[in-house]
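Keep in mind that what you see is a predicted model, and the values were worked out from it rather than measured.
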Amino acid sequence: MQEEEMNETSIRMTQLGNPPSDSEIEEWLGEGAYQYWKRITNLIERNYPSIFTPEWLFGGKKHGWSLRYKKSKSFCTLIPEKNHFALLIVFGAEERSKVEVIRDSLSICTQKEYDEATTYHDGKWVLLTIKNSEVVEDVMKLLALKRKPKSSNNA
């Protein structure tokens with residue numbers, strides 16, 4: 001990639017063609033963020049076996065590639081960005097009342113992101129930057145509210 005300002009299009013994976021490979025994701029995210037990426041994708045696969053088929057989506061030059069987990073409705077979407085990644089979860093009205101019950105068990109950072117997220121007609125869109133194990137644990141709690149895990153081990 002040519003040197004350019006770090007704007008929204010340069011932090012996203014916007015190459016046309018095939019979805020990014022695992023090695024391209026690792027290189028783009030960096031080793032630390034990639035470990036969190038693998039941890040979350042492995043936890044989803046283990047806790048929700050044969051439920052979700054991960055699907056790469058291309059959102060054009062502005063949004064780039066994202067990895068969505070969906071069955072009949074969206075479960076979550078991972079968005080690779082340069083040296084980190086974000087995870088989007090949309091909570092419907094019923095799910096939001098469940099989040100309120102566990103809200104105090106979430107990290108301060110996740111509580112803030114949840115509180116500040118915009119609620120649209122189809123739900124509250126919460127975008128979390130995955131930067132530490134604490135946020136990964138929060139993500140797994142939040143995903144368990146959207147759909148109960150099949151297995152009890154979520155480490």
Check: [X] side chain, [Y] main-chain N or O, donor-acceptor pair, under 3.5 Å:
X: Trp65; Y: Gln15; value: yes
X: Asn47; Y: Pro149; value: no
X: Gln111; Y: Leu106; value: yes
X: Glu113; Y: Val126; value: no

Looking only at heavy atoms, which two atoms of [X] and [Y] are closest? And how far apart?
X: Lys82; Y: Trp28; value: N-NE1, 3.1 Å
X: Lys124; Y: Asp115; value: NZ-O, 4.0 Å
X: Arg96; Y: Gly123; value: NH1-CA, 3.7 Å
X: Pro80; Y: Ser66; value: CD-CA, 4.2 Å
X: Glu24; Y: Met13; value: O-CE, 3.9 Å
X: Lys150; Y: Ile51; value: CE-CD1, 3.5 Å

Working to the nearest 0.5 Å, report the span between [atom1] of [X] and [atom2] of [Y].
X: Asp138; Y: Cys109; atom1: CG; atom2: SG; value: 8.5 Å
X: Lys70; Y: Cys76; atom1: NZ; atom2: SG; value: 13.0 Å
X: Arg12; Y: Glu81; atom1: CZ; atom2: CD; value: 4.5 Å
X: Lys112; Y: Leu128; atom1: NZ; atom2: CG; value: 12.0 Å

Within a radius of less than 6.0 Å around [atom1] of [X], do more than 12 heavy atoms belonging to other residues, nucleotides or ligands occur?
X: Asn42; atom1: CG; result: yes
X: Glu100; atom1: CD; result: yes
X: Glu27; atom1: CD; result: no

**Item:** pair Tyr36-Ser133: side-chain heavy atoms closer than 4.5 Å
**Value:** yes
**Prompt:** Side chains of Thr41 and Pro54: does their closest heavy-atom pair fall under 4.5 Å?
**Reply:** no
**Prompt:** Are the ring centres of Tyr48 and Tyr69 closer than 6.0 Å?
**Reply:** no
**Request:** List the steps and the verdict of side-chain contact (heavy atoms from CB on, under 4.5 Å) for Lys38 and Asp22.
**Result:** CA-CA 10 Å; Lys38 291 305 290 179; Asp22 215 36; 3.7 Å; yes
**Message:** Do Phe85 and Leu57 sit in one hydrophobic cluster, given that two such residues count as connected whenever their side-chain heavy atoms are within less than 4.5 Å of each other, even indirectly?
**Reply:** no
**Message:** Using the rule that Ile, Leu, Val, Met, Phe, Trp and Tyr join whenever any side-chain heavy atoms are under 4.5 Å apart, tell me whether Ile102 and Ile89 fall into a single cluster.
**Reply:** yes
**Parallel, tilted or perpendicular: rings of Phe91 and Tyr114 (30°, 60°)** = perpendicular
**Message:** Please determine whether side-chain contact (heavy atoms from CB on, under 4.5 Å) holds for the pair Leu43 and Val139, giving the CA-CA distance in whole Å, both sets of side-chain angles, and the decisive distance to 0.1 Å.
**Reply:** CA-CA 10 Å; Leu43 286 167; Val139 163; over 6 Å; no
**Salt bridge present between Arg39 and Glu137 (N-O < 4.0 angstrom)** = yes
**Fill in**
For Lys146, the side-chain hydrogen bond (donor to acceptor under 3.5 Å, both in side chains) test, sequence neighbours excluded, returns Glu95
**Request:** Considering only Ile, Leu, Val, Met, Phe, Trp and Tyr, and joining two whenever side-chain heavy atoms are under 4.5 Å apart, list the other residues clustered with Ile79.
**Result:** Leu88, Val90, Tyr120, Trp125, Leu127
**Fill in**
Only one of Leu142, Val136, Ile130, Val135 passes side chain to side chain contact (heavy atoms under 4.5 Å, CB included) with Leu87, and that residue is Ile130
